[in-house]
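Contents: one structure, followed by commentary.
Just so it is clear, the values below take in all heavy atoms, side chains as well, and ignore hydrogens, waters and symmetry mates. Below, chain A is the first sequence line, B the second, and so on; all start at residue 1.
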Amino acid sequence: MTVSSLTASAPAAKKVKSSGFLPYLGGKLVAAAVSFFVTLVIGFAIFTLMPSDPVRTLTRGRPTSEAQLAQLRIQLGLDDPLWERFLTFVGNTFKGELGYSWQFQQSVSSLVADRLGPTLLLMGTAAALSIAIGLWLGIRSGWRHGSLFDKIASSTSLTLWSVPTFWLGMILLVVFSVGVGPIPSLFPAGGMSEPSLPQEGWTHVVDVARHLVLPCLTMVLVVFAQYVTVMRASIIDEMGSPYLLTARAKGLTDDAVRRRHAVPNALLPSVTMIFMHLGILVSGAITVEAVYSWPGLGYLTYEALKIPDLPLLQGTFIVFSASVIIMNLLADVVYRFLDPRVRAQ
Amino acid sequence: MATLPGPMLEVRDLRVTYRNGERAVPAVRGVSFTLDRGQTLGIAGESGSGKSTMALSLLRLLAPSAQVTGQVLFNGEDLLTGRWARLRAVRWSAASVVFQGAMSALNPVRTIGEQICEPILLHDKVGQKAARKRAAELLDSVGVLSRRLDSYPHEFSGGQRQRIMIAMALACRPDLVIADEPTTALDVMVQAQVLELLGELVRESGIGVIMISHDLSVLSHMCERLAVMYAGQIAEIGPAKQLITDPRHPYTRALGRAFPTIGDPASRLAPSGLPGDPPTPPELARLSEGKGCAFEPRCPDAAAACRTETVELWASGPEREAACLRVLEGATS
Amino acid sequence: MSATTLAPAALEVPRHHAVSRFCRAYAKRPAGLVGLGLLVAFGVLALAAPLFIGDDQLNVIKVDGPQLSPPIDGYPLGTDQAGRSVLLMVIWGARESLSIGIIATVLTVILGSTVGLLAGHYQGWVGKVLMHVTDWFIALPSLPLAISLSAVLGQGAASITIAIAVTSWTATARLVRAQTIAVEARPFIERAKVLGAGNTQIMIRHVLPNVMPLILVSSTLTVASAILSEATLTFLGLGDPTSVTWGSMLQAAFGGGAVTAGAWWYLMPPGIAILIIVLGFTLVGRAVEHVLNPRMVN
């Protein structure tokens, strides 16, 4: 964490000339747009160029004549030149049309819209909890690095990171839902709510909350380790800073020095990492939702794998990629706001 | 605080050893001096002489790996053996520090207002408004616009930051200010401004100052008394002017020659360095056990006895001492 | 004496010393030794597996054990829904999972190192283009990308391996590029260039040996994540349905209702095996990292 180099010869008080916020934002938006475009190219490449013959896959098991196959080909535009198909694809994506799911017989966009809410709920809760726990543990571990607390926290994080998410989910299911030994069945085994209960009102909220516990716990256990590592490294980095000595010399207690001086500085680089890791949280959502049949985007992806339902897979791929790009953009923007050395006046 | 008889600060046989696993590096090997109320004492020496370590150890600001022994009697109470709560109460309110390199000694993500108010709120038991008022006064007294209380450190120049550090150090009206290389990273012009300011402020309020620097010219202007440190010990101590014009220790002499004196054009043309290096940690460890003068390998006036005799501070004049066998002999070189 | 004739000979002797010095330093790290021990144990099991496990034990048609039975005589870890011994399946799974993990890592390292070396060496537009491509790939979420690739390439070990390589190469590329730039700044590269060494020669004979240690560290950590990825992708249904890997065991456990039946003996061993192997590789990787770069510890 180095303060911008000073020009000792500056006589009068001079405000730091920070490059304007808007040009910075503009630059980042352009980069994000390029990134998204590349995602579309790669998505197109994977889903359109590679599969054997979508027509055959679609009509698998159903007797179709050559004429019908040819007709289907024209419908799907499979004989058009590649660049034309790509442009159509890009155009459709920006219009919000992500294709038509083979197995659900519904537009992919409508499926995504339905499932977005539950995923946001699960990911949001898990992210908030993991960040809170991870930061708290990271700060304590880093401040007293080498201590027993630190060693235990670090080993636990390492072990949990080495565990497959879905396996942890299954274990928790067995222990807390099916009940092992003396532990009774505490939580439901899957889904987001009981169909038999009213879908509105307080009962519904409690019902969803009960269903949320295990999937959320699974995600938090696997993901919080990343935040511990980031925060711990950040605090250790800050601990050698001279301004901490100044704070101590003022007569502050060790806790106050950590809380008021070290942590705010250590949080800055962590913020960027936190937002970027949110993008990685996305991948975790897929496996957890699969295990718990949580009706979100991840579960949608899992279901899409059955045939495989390529348009649906393509749609979810694009949505996931877009969310990661947005998260990274937010990471850059938020950092600028938080660091006073960089903030536009 | 009632004025007690005797010196404000009395340091007795202060020793600091850094323990790193099995290795022990002695950084301060027996330093003793006194400081009266309102007096200014300069501590000069090369880097590695232990001067900063010694100064920080007075308030127990060193890392836990540093073992500090001896006595630091501040207004009669031994800071080294006091309880931590008592030490924290003394810090800043009775004895504050101006650190070197104000660029990194100030918290970059807090406003200077917050940082100046922090010790006031902690020690003086006043409200937020009163603290801010005092902070504004302090900024005025050091020549920084008080409306910049809500600016961040990076928005100021180096000289301004150092002045802010001084303002902050005076916040709780301490009896003692320890200034550790307060002007080292600054331009000469800015340096002069900052020193003048510091001198004015301490004279007005009668604060005692311990100023550490490797720059003898700075110290000679600012300080009444001067102590020259070498290899963790005081080589010579006494009135500053006398030490500069009539040094008794060969090291003081060499130090004086290395810096051109303002007003003496001849000294500018021929600053002479001193060949050799200060003792390495293993050499220091050996010295601490046995006898002999630490400066002997580099001393132009060394004799055979300098390697075998125990060397301590002996009186070399009224109110001055030097740790040199030559002083005992009474010879002036 | 030209640098090129002197260099290989002068490097031979120090290399032997360097290796033995490395081994001695490594032996001082308990965590690393534990990791190494775990890996060796599993490696031996994986290699020895065909000696006592054959089609009779793994083919669902040929086995005759009790179905989904908890641990009993003759089946120390119980059986699966078809009656196969879970213990034998876990050992066989080590073989399959490790080979996929290692092959995927080899692909990753080759791809990543090539891109990294080229990007670091050719700092002009070639390097810039390669870095942009790397950045674009980093921006893609790895699991959705891997899923899409595998789904499109068809079920099986090959598509999983390729998918893992495509999602993991960027980390190696960045690392190698940074190290290449650092190495090429050293004076001996200048000397080699002056003496007429061509681009390929510089990259392969001079830069690569200096980058190897870093690649080594990076690969151990890559294998760890490759094994996790393989398990995840197989669990999601993208693996070869006939082969026995840890991921497929968990997939079968999940799909076959072992969870609701509370068949912990079927659920625990594959997961614990994955945990142990991944921990092993991670510990070894970290130990190697600390040995090669002691300053990083503090």
If you tally heavy-atom pairs under 4.5 Å against chain C, which of [options] wins?
| options | value |
| --- | --- |
| A:L158, A:T301, A:I325, A:L168 | A:L158 |
| A:N328, A:I42, A:T287 | A:I42 |
| A:W161, A:Y302, A:F166, A:F317 | A:F166 |

Less than 4.5 Å apart, side chain to side chain, heavy atoms only: is that true for [X] and [Y]?
| X | Y | answer |
| --- | --- | --- |
| A:W167 | C:I272 | yes |
| A:V34 | C:W136 | yes |
| C:M268 | A:I171 | yes |
| C:T232 | A:T165 | no |
| C:V152 | A:L313 | no |
| C:L140 | A:V324 | no |
| A:S321 | C:P144 | no |

Looking at every non-hydrogen atom in both residues, tell me the closest pair between C:S148 and A:I46 and how far apart they are.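 Nearest heavy atoms, C:S148 then A:I46: O-CG2, 4.0 Å.
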Can you tell which part of [X] gets under 4.5 Å to a heavy atom of chain A, answering side chain, backbone, both or neither?
| X | value |
| --- | --- |
| C:L145 | both |
| C:L228 | side chain |
| C:S142 | both |
| C:F137 | side chain |
| C:I277 | neither |

Assess whether atom CZ of C:R95 is packed by more than 12 heavy atoms of other residues, nucleotides or ligands within 6.0 Å.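 Yes, because the 6.0 Å sphere around CZ of C:R95 holds more than 12 heavy atoms from other groups.
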Please check if atom CZ in C:R286 has more than 12 non-hydrogen atoms from other residues, nucleotides or ligands closer than 6.0 Å.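 No, CZ of C:R286 has 12 or fewer neighbouring heavy atoms, counting only those of other groups under 6.0 Å.
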Could you state the interatomic distance from [atom1] ([X]) to [atom2] ([Y]), rounded to the nearest 0.5 Å?
| X | Y | atom1 | atom2 | result |
| --- | --- | --- | --- | --- |
| C:Y266 | A:M170 | OH | CE | 10.0 Å |
| A:S162 | C:L283 | OG | CG | 7.5 Å |
| A:I286 | C:L143 | CD1 | CG | 4.5 Å |

Contacting moiety of A:V38, where chain C heavy atoms sit under 4.5 Å: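 Contact with chain C is through the side chain of A:V38 alone.
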For chain A, which of C:I227, C:T282, C:L250 has the most heavy-atom pairs under 4.5 Å?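 When all of C:I227, C:T282, C:L250 are compared, C:L250 has the most.
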